[in-house]
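Note that these values count all heavy atoms, side chains included, but never hydrogens, waters or copies made by symmetry. The first residue in the sequence is number 1, and the count goes up from there. Worth saying up front: this structure is predicted, and the values here are computed from it rather than measured.
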Amino acid sequence: MDDLKSLGKSTGYEFSYSPEVLETFENRHPENDYWVKFNCPEFTSLCPITGQPDFAAIYISYIPDVKMVESKSLKLYLFSFRNHGGFHEDCVNIIMKDLIRLMEPRYIEVWGKFTPRGGISIDPYCNYGKPETKFVAMADFRMMNHDLYPEKVDNR
């Protein structure tokens, strides 16, 4: 863990999209399949057309393989979207793809629950299962069954 750059250090924030701040550490239990979940209730980005801020809760769930994402670096990475102009769907797919490149998880899903603007909310969901593993079938199943029973919307 000595190679982690941000953990335990004074925090410097990036104000533009910065995937290079993401860091990993070794999974100490690679023989187990288990979930790691992150909830970021204060995610912000900018509408690429109007420049107005968009607010969301971002939910990241993954099953690690060899590498895991370090949580402070993930926080700094998500904060770097603050001045990024991207549609909601684009943001969640960028987050997922950056995390796949970073740690090559067995499975990952990213769900954004954006607060309404103009009377409508947008809640994009994306997922991925590592090719040639049982997690491809899991990704297909979870995609086909995602949000069949939407939760009560009481946070908007």
Side-chain angles (χ1 to χ4, degrees), residues 4-7 9-25 27 35-131 135-136 138-156:
L4 296 176
K5 294 177 182 73
S6 61
L7 187 61
K9 311 266 186 323
S10 180
T11 302
Y13 293 97
E14 294 295 327
F15 292 100
S16 59
Y17 168 67
S18 303
E20 65 277 0
V21 302
L22 287 167
E23 297 182 355
T24 62
F25 62 94
N27 179 4
W35 287 102
V36 177
K37 297 185 176 191
F38 294 102
N39 301 324
C40 177
E42 299 176 345
F43 179 84
T44 59
S45 60
L46 297 177
C47 173
I49 305 300
T50 66
Q52 293 179 307
D54 289 317
F55 301 93
I58 299 290
Y59 301 95
I60 300 167
S61 301
Y62 75 98
I63 299 172
D65 196 357
V66 176
K67 294 187 267 182
M68 301 176 70
V69 66
E70 191 278 317
S71 61
K72 184 175 182 183
S73 75
L74 179 64
K75 176 180 73 171
L76 295 173
Y77 165 74
L78 293 173
F79 183 84
S80 81
F81 279 82
R82 175 65 186 92
N83 292 319
H84 173 74
F87 291 115
H88 305 352
E89 301 86 352
D90 190 36
C91 289
V92 299
N93 277 280
I94 288 171
I95 292 166
M96 183 183 74
K97 289 176 182 178
D98 284 345
L99 291 173
I100 291 168
R101 273 191 295 279
L102 177 75
M103 59 181 171
E104 300 176 10
R106 295 174 187 169
Y107 176 84
I108 189 168
E109 58 190 34
V110 180
W111 190 357
K113 294 186 178 186
F114 286 80
T115 55
R117 199 153 42 85
I120 189 168
S121 62
I122 301 172
D123 296 345
Y125 170 87
C126 56
N127 73 3
Y128 160 89
K130 194 171 206 171
F135 299 102
V136 172
M138 180 179 171
D140 289 343
F141 179 82
R142 288 180 72 90
M143 182 60 74
M144 296 301 290
N145 292 284
H146 173 73
D147 212 16
L148 286 177
Y149 305 101
E151 75 286 352
K152 178 182 165 207
V153 178
D154 59 4
N155 64 342
R156 300 181 198 198

Tell me, do [X] and [Y] make a side-chain contact under 4.5 Å, heavy atoms counted?
{"X": "Glu70", "Y": "Lys72", "value": "yes"}
{"X": "Cys47", "Y": "Arg117", "value": "yes"}
{"X": "Tyr77", "Y": "Leu74", "value": "yes"}
{"X": "Ser121", "Y": "Phe114", "value": "no"}
{"X": "Cys126", "Y": "Val110", "value": "yes"}
{"X": "Phe38", "Y": "Tyr62", "value": "yes"}
{"X": "Val21", "Y": "Ser80", "value": "no"}
{"X": "Pro53", "Y": "Thr44", "value": "no"}

**Q.** Test: Arg142 and Glu109 ion pair at under 4.0 Å
**A.** yes
(Q) What I want to find out is whether Asp65 reaches Arg106 closely enough, with some N-O distance under 4.0 Å, to be called a salt bridge. (A) yes
Spell out, as yes or no, whether a donor-acceptor pair under 3.5 Å connects the side chain of [X] to the backbone of [Y].
{"X": "Asn127", "Y": "Ile108", "value": "no"}
{"X": "Thr115", "Y": "Phe55", "value": "yes"}
{"X": "Ser18", "Y": "Glu20", "value": "no"}
{"X": "Ser73", "Y": "Glu23", "value": "yes"}
{"X": "Asn39", "Y": "Ile58", "value": "no"}
{"X": "Asn145", "Y": "Phe141", "value": "yes"}

**Q.** Shortest non-hydrogen contact between Pro105 and Leu99, atoms and distance
**A.** CD-O, 4.0 Å
Q: Taking all heavy atoms of Gly86 and all of Ser45, pick out the closest pair and write down the distance.
A: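 So the minimum-distance heavy-atom pair works out to O-OG, 4.2 Å.
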**Q.** Residues His84, Cys91; criterion side chain to side chain contact (heavy atoms under 4.5 Å, CB included); working and verdict
**A.** CA-CA 9 Å; His84 173 74; Cys91 289; 4.2 Å; yes
Q: For the pair Met138 and Ile63, evaluate side chain to side chain contact (heavy atoms under 4.5 Å, CB included) and give the outcome as yes or no after the intermediate values.
A: CA-CA 11 Å; Met138 180 179 171; Ile63 299 172; 3.9 Å; yes
Q.
Would you call the rings of Tyr125 and Trp111 parallel, tilted or perpendicular, taking 30° and 60° as the class edges?
A.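 Plane angle over 60°, so perpendicular.
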Q) What do you reckon, are the aromatic ring centroids of Tyr128 and Tyr107 less than 6.0 Å apart? A) no
Q) In a check of side chain to side chain contact (heavy atoms under 4.5 Å, CB included) between Phe87 and each of Ile122, Ile49, Asp54, which one passes? A) Ile49
Q. How many angstroms lie between atom NZ of Lys113 and atom OH of Tyr59, to the nearest 0.5 angstrom?
A.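 That separation rounds to 5.0 Å.
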Q) Near Lys130 NZ, under 6.0 Å, is it more than 12 heavy atoms from other residues, nucleotides or ligands? A) yes
(Q) Would Ile95 and Phe43 count as a side chain to side chain contact (heavy atoms under 4.5 Å, CB included) here? Give the steps. (A) CA-CA 12 Å; Ile95 292 166; Phe43 179 84; 4.1 Å; yes
Q. Does the pair Gln52 and Leu46 meet the rule for a side chain to side chain contact (heavy atoms under 4.5 Å, CB included), with working shown?
A. CA-CA 6 Å; Gln52 293 179 307; Leu46 297 177; over 6 Å; no
